[in-house]
Amino acid sequence: QVQLLESGGGLVQAGGSLRLSCAASGSIVSIRVMAWYRQAPGKQRELVARISTGGSTKYADSVKGRFTISRDSAKYTTALQMNSLKPEDTAVYYCAAEGLRRSPHSREDDHWGQGTQVTVSS
C-alpha cells in the first residue's frame with residue numbers, strides 16, 4: 001500500500017511563511033512527478049506546483065515567485081516552501097505522486113495524500 005502523508009500546515013498571518021512536507025511510503029520504485037494541489041472552499045482543485053524527476057518545475061501564476069517546490073527522489077519526499085503568504089492562499093493543500101511505480105508491478109499510477117489545512121489571516 002502506498003501512502004502520502006502531508007505535514008506543516010497551520011495558521012499564519014499574511015506575509016508569513018510555511019513549509020509543507022510530504023513523504024511517500026510503500027514499495028516504491030520511482031515517481032515521475034511530485035506535485036502540490038490546493039482546494040479552497042467552493043472552488044475547484046488547482047495545481048500549485050510540480051517537479052519532475054529531472055528537477056524541472058512549474059508553478060501556478062498566482063504563486064510564482066513566492067512558492068518553491070523541491071524533492072528528494074531518494075527518499076520520495078517533496079516540500080513546498082511558501083513565502084509572502086496571502087489570504088487567498090488559504091486552502092487544503094494536497095500532495096500528489098504521479099507516475100508512481102511500485103515493486104513488483106511494472107505499471108504506473110497516481111496517488112494522493114489526505115491534505116493539510118493552510119489558513120492565512122489578513
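Side-chain atoms are counted along with the backbone in the values below, which use heavy atoms only and exclude waters and symmetry mates.
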Visitor: Under the rule for salt bridge (Lys or Arg N to Asp or Glu O under 4.0 Å), what residues qualify as partners of R66, not counting sequence neighbours?
Guide: D89
Visitor: Donor-acceptor pairs under 3.5 Å, side chain of residues 5-15 to any protein atom, not counting sequence neighbours: which ones?
Guide:
residue	atom	partner	partner atom	Å
E6	OE1	Q114	N	3.1
E6	OE1	G115	N	2.9
E6	OE2	C95	N	2.8
E6	OE2	G115	N	3.2

Visitor: Please find the pair of heavy atoms, one from R102 and one from D109, that lie closest to each other, and give the distance.
Guide: NH2-OD2, 3.4 Å
Visitor: List for me each residue that meets side-chain hydrogen bond (donor to acceptor under 3.5 Å, both in side chains) alongside R50, sequence neighbours excluded, and say none if there are none.
Guide: none
Visitor: State the OG1-CD1 distance between T77 and I31, to the nearest 0.5 angstrom.
Guide: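 That separation rounds to 9.0 Å.
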Visitor: Mind checking the NZ-NZ spacing from K64 to K58? Nearest 0.5 Å is all I need.
Guide: 10.0 Å
Visitor: Considering residues at least two apart in sequence or located in another chain, which fulfil the ring pair (Phe, Tyr, Trp, His ring centres under 6.0 Å) criterion with Y37?
Guide: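 Here the qualifying residues are W112.
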Visitor: Return the NE2 to CG distance between H105 and L100, rounded to the nearest 0.5 Å.
Guide: 11.5 Å
Visitor: Could you tell me which residues satisfy side chain to side chain contact (heavy atoms under 4.5 Å, CB included) with E88, sequence neighbours excluded, listed by chain and number?
Guide: K86
Visitor: Using side chain to side chain contact (heavy atoms under 4.5 Å, CB included) as the criterion, list what pairs up with D110, not counting sequence neighbours.
Guide: E98
Visitor: Which residues pass the side chain to side chain contact (heavy atoms under 4.5 Å, CB included) test with K43, sequence neighbours left out?
Guide: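 Side chain to side chain contact (heavy atoms under 4.5 Å, CB included) list for K43, sorted by chain: A40.
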Visitor: Going by side chain to side chain donor-acceptor pair (under 3.5 Å), name the pairs with one or both residues in residues 21-30, residues two or more places apart or in two chains.
Guide: none
Visitor: Quick test of your reading: applying disulfide (SG to SG under 2.5 Å), list the pairs with at least one residue in residues 35-80, sequence neighbours left out, ordered by first then second residue.
Guide: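 Counting only pairs at least two positions apart or across chains, no disulfide (SG to SG under 2.5 Å) contact touches residues 35-80.
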Visitor: Which pairs count as ring-ring contact (aromatic ring centres under 6.0 Å, His included) when at least one residue sits in residues 76-99, sequence neighbours excluded?
Guide: none
Visitor: Apply salt bridge (Lys or Arg N to Asp or Glu O under 4.0 Å) to D72 and list each qualifying residue two or more places apart in sequence or on a separate chain.
Guide: none
Visitor: State, yes or no, whether a side-chain contact exists between M34 and T53 at a heavy-atom distance under 4.5 Å.
Guide: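 SC-SC contact between M34 and T53 ruled out.
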Visitor: Mind jotting down which residue pairs meet the salt bridge (charged side-chain N to carboxylate O under 4.0 Å, His left out) criterion with at least one end in residues 19-34? Sequence neighbours excluded, please.
Guide: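 Sorted result for residues 19-34: R32-E108.
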Visitor: If you compare all heavy atoms of V63 against all heavy atoms of V48, which two are closest, and at what distance to 0.1 Å?
Guide: CG2-O, 3.6 Å
Visitor: Identify the two heavy atoms, one from S106 and one from R101, that lie closest to each other, and give their separation to 0.1 Å.
Guide: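 Closest heavy-atom pair between S106 and R101: O-CD, 3.4 Å.
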Visitor: Does any non-hydrogen side-chain atom of S17 lie less than 4.5 Å from one of M82?
Guide: no
Visitor: If you compare all heavy atoms of A79 against all heavy atoms of W36, which two are closest, and at what distance to 0.1 Å?
Guide: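 It is C-NE1, 3.8 Å.
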Visitor: First locate atom CZ of F67, then atom CG of L18, and finally report the distance between them rounded to the nearest 0.5 Å.
Guide: 9.0 Å
Visitor: List the atom of A97, the atom of L4, and the distance in Å for their closest heavy-atom pair.
Guide: N-CD2, 3.6 Å
Visitor: Side chains of N83 and Q81, heavy atoms from C-beta outward: is any pair under 4.5 Å?
Guide: yes
Visitor: Do T116 and L20 have side chains that approach each other closer than 4.5 Å (heavy atoms only, starting at C-beta)?
Guide: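 Touching, per the 4.5 Å side-chain cut-off.
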Visitor: Check the pair V120 / V118 against side-chain contact (heavy atoms from CB on, under 4.5 Å), numbers first and verdict last.
Guide: CA-CA 7 Å; V120 184; V118 171; 4.2 Å; yes
Visitor: After noting the C-alpha distance and the side-chain angles of L80 and T68, does the key distance pass the side-chain contact (heavy atoms from CB on, under 4.5 Å) rule?
Guide: CA-CA 6 Å; L80 185 69; T68 302; over 6 Å; no
